[in-house]
Amino acid sequence: MTIFETERFRQLGQQQSSAYASADPFPHIVIDDFLPTEICEQLLAEFPTAEQIAWHRFDKHHSKKLATRGDDQFGPATRQVMHQFSSAACLTFLEALTGIAGLMPDPHFEGGGLHQIEPGGFLKIHADFNYHTKLRLDRRINLIVYLNKDWREEYNGHLELWDRKMTHSVRKILPVYNRCVVFSTTDWSYHGHPEKLTCPPDRTRKSLALYYYTNGRPEEEQSNAHGTLWQERPTNRFRTACVGAIRGLAAVVDSPGIILRRAARVLAGRRVE
């Protein structure tokens, strides 16, 4: 089945382009019922469990998630769908939507592909890597499709979009079934799902992630090539500052004791360590 009927999606892109450009805190759009129902059902049926394939597992202070590498781990239907996201019709839709000309897909799915978050997982607020070293292209657009049936607010996992100064979350998007989110990627398009998932143990947060590139970018967006730019939320910054202050105070308070103990060792003729 052809997903991106050229004229239909071109018109959709044009219709949503103003909303995309004016969205706060940075250009983005949320489109529900994005894919044909039968396509979504095929994707969900093939979506591998946490134990089914050799996922790339992230378990760090800033992220706890699973991701595929390349397209070797896709099922046959999933592979066909993912490659349709690289089609001329899809690119035409995205260019009409975003106003960014010359978009190119990533056949390597660097950082993209299938993503899965297990209960307790999270992804801290960040701006994405800005340059594809293999393709030598600038990253411009993220497209995410969620595959989570009956996903509840209390499960968390909202995609949060934060303001440029990292003072507050401007928008929270529930990752419900067949919801598509497209947004522009810059050094200040801060996003993530920082709250740990509280879904039942038999549930996970599933999504497709596709990234698009151009050869160059506007001067006002240019910066040196970098990896992910992790950010601290205001509450976390306050906590980090408090911990640092307490540690510093402890060091000051304890210093006289350390000095006295060392002096005592010298007086006793013992080795000072």
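Every heavy atom of this structure was used, including side-chain atoms; hydrogens, water molecules and symmetry mates were not. From a predicted model like this one, the values you see are computed outputs, not experimental measurements.
- Heavy atoms only, all atoms of each residue included: Leu114 and Phe74 are closest at CG-CE2, 3.8 Å.
- For the side chain to side chain donor-acceptor pair (under 3.5 Å) test, no residue two or more places apart in sequence or in another chain qualifies with Ser189.
- Enclosure of atom CZ in Arg79 by more than 12 non-hydrogen atoms of other residues, nucleotides or ligands within 6.0 angstrom is indicated.
- Proximity of a side-chain donor or acceptor of Trp55 to a complementary backbone N or O of Thr49 within less than 3.5 Å is detected.
- Qualifying side chain to side chain donor-acceptor pair (under 3.5 Å) partners for Glu221, counting only residues two or more places apart in sequence or in other chains: Arg217.
- Checked against a 6.0 Å centroid threshold, the rings of Phe9 and Phe34 count as neighbours.
- Qualifying salt bridge (charged side-chain N to carboxylate O under 4.0 Å, His left out) partners for Lys149, counting only residues two or more places apart in sequence or in other chains: Glu41.
- Side-chain N or O atoms of Gln84 include one that pairs as donor or acceptor with a backbone N or O of Ile3 at under 3.5 Å.
- Side-chain atoms of Tyr211 do not come within 3.5 Å of backbone N or O of Pro105 as any donor-acceptor pair.
- When atom types are taken as modelled, the side chain of Ser169 and the backbone of Glu160 share no donor-acceptor pair closer than 3.5 angstrom.
- Sorted by first and then second residue, the pairs that involve residues 43-59 and meet salt bridge (Lys or Arg N to Asp or Glu O under 4.0 Å), not counting sequence neighbours, are Arg57-Glu118.
- Evaluation of the side-chain contact (heavy atoms from CB on, under 4.5 Å) rule for Gln42 yields Ile39, Ala77 as partners, not counting sequence neighbours.
- Without hydrogens or angle criteria, Gln116 side chain to Ala67 main chain gives no donor-acceptor distance under 3.5 Å.
- Proximity of a side-chain donor or acceptor of Asn215 to a complementary backbone N or O of Leu137 within less than 3.5 Å is not detected.
- When each of Leu97, Leu210, Val181, Leu208 is checked for a side-chain contact (heavy atoms from CB on, under 4.5 Å) with Leu143, only Leu210 meets the rule.
- For Arg203, there are no side chain to side chain donor-acceptor pair (under 3.5 Å) partners, not counting sequence neighbours.
- Every side chain to side chain donor-acceptor pair (under 3.5 Å) that Ser223 has, sequence neighbours left out, goes to Asn130, Asp187.
- Remark: Asn148 engages Tyr146, Trp151, Pro175, Arg205, Lys206 in a side-chain contact (heavy atoms from CB on, under 4.5 Å) (not counting sequence neighbours).
- Legend: salt bridge (Lys or Arg N to Asp or Glu O under 4.0 Å) pairs involving residues 6-33, not counting sequence neighbours, sorted by first then second residue: Glu7-Arg10, Asp32-Arg179.
- Under the 3.5 Å distance criterion, the side-chain polar atoms of Thr2 are left unmatched by any main-chain donor or acceptor of Phe4.
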Criterion ring-ring contact (aromatic ring centres under 6.0 Å, His included) on His191 and Phe183, from CA distance to verdict: CA-CA 10 Å; His191 63 282; Phe183 61 91; 4.7 Å; yes
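- For Glu220, the CD atom sits in a packed shell: over 12 heavy atoms of surrounding residues, nucleotides or ligands are nearer than 6.0 Å.
- No side-chain donor from either of His28 and Asn142 sits under 3.5 Å from a side-chain acceptor of the other.
- If you look at His126 and Tyr190, their ring centroids are not closer than 6.0 Å.
- The side-chain hydrogen bond (donor to acceptor under 3.5 Å, both in side chains) pairs that include a residue from residues 104-113 are Asp106-His132, where partners are two or more places apart or lie in different chains.
- Ile117 is not connected to Phe47 by any chain of hydrophobic side-chain contacts under 4.5 Å among Ile, Leu, Val, Met, Phe, Trp and Tyr, and they are in different clusters.
- In this structure Asp138 satisfies the salt bridge (charged side-chain N to carboxylate O under 4.0 Å, His left out) test with no other residue, sequence neighbours excluded.
- No hydrogens or angles considered: nothing links the side chains of His226 and Asn224 as a donor-acceptor pair under 3.5 Å.
- Put simply, Phe93 and Ile29 are part of the same group of oily side chains (I, L, V, M, F, W, Y) that touch within less than 4.5 Å, one to the next.
- More than 12 heavy-atom neighbours from other residues, nucleotides or ligands sit within 6.0 angstrom of CD on Gln222.
- Each side-chain hydrogen bond (donor to acceptor under 3.5 Å, both in side chains) pair with one or both residues in residues 65-74, not counting sequence neighbours, appears once here: His56-Arg69, Asp71-His83.
- Salt-bridge formation is detected for the pair Glu195/Arg233: a Lys NZ or Arg NE/NH1/NH2 atom is positioned less than 4.0 Å from an Asp or Glu carboxylate oxygen.
- A donor-acceptor contact shorter than 3.5 Å is absent between the side chain of Tyr213 and the backbone of Ile141.
- Side chain to side chain, Thr98 and Tyr212 fail the donor-acceptor criterion of an N or O pair below 3.5 Å.
- For the pair Lys124 (side chain) and Ser63 (backbone), a donor-acceptor distance under 3.5 Å is absent.
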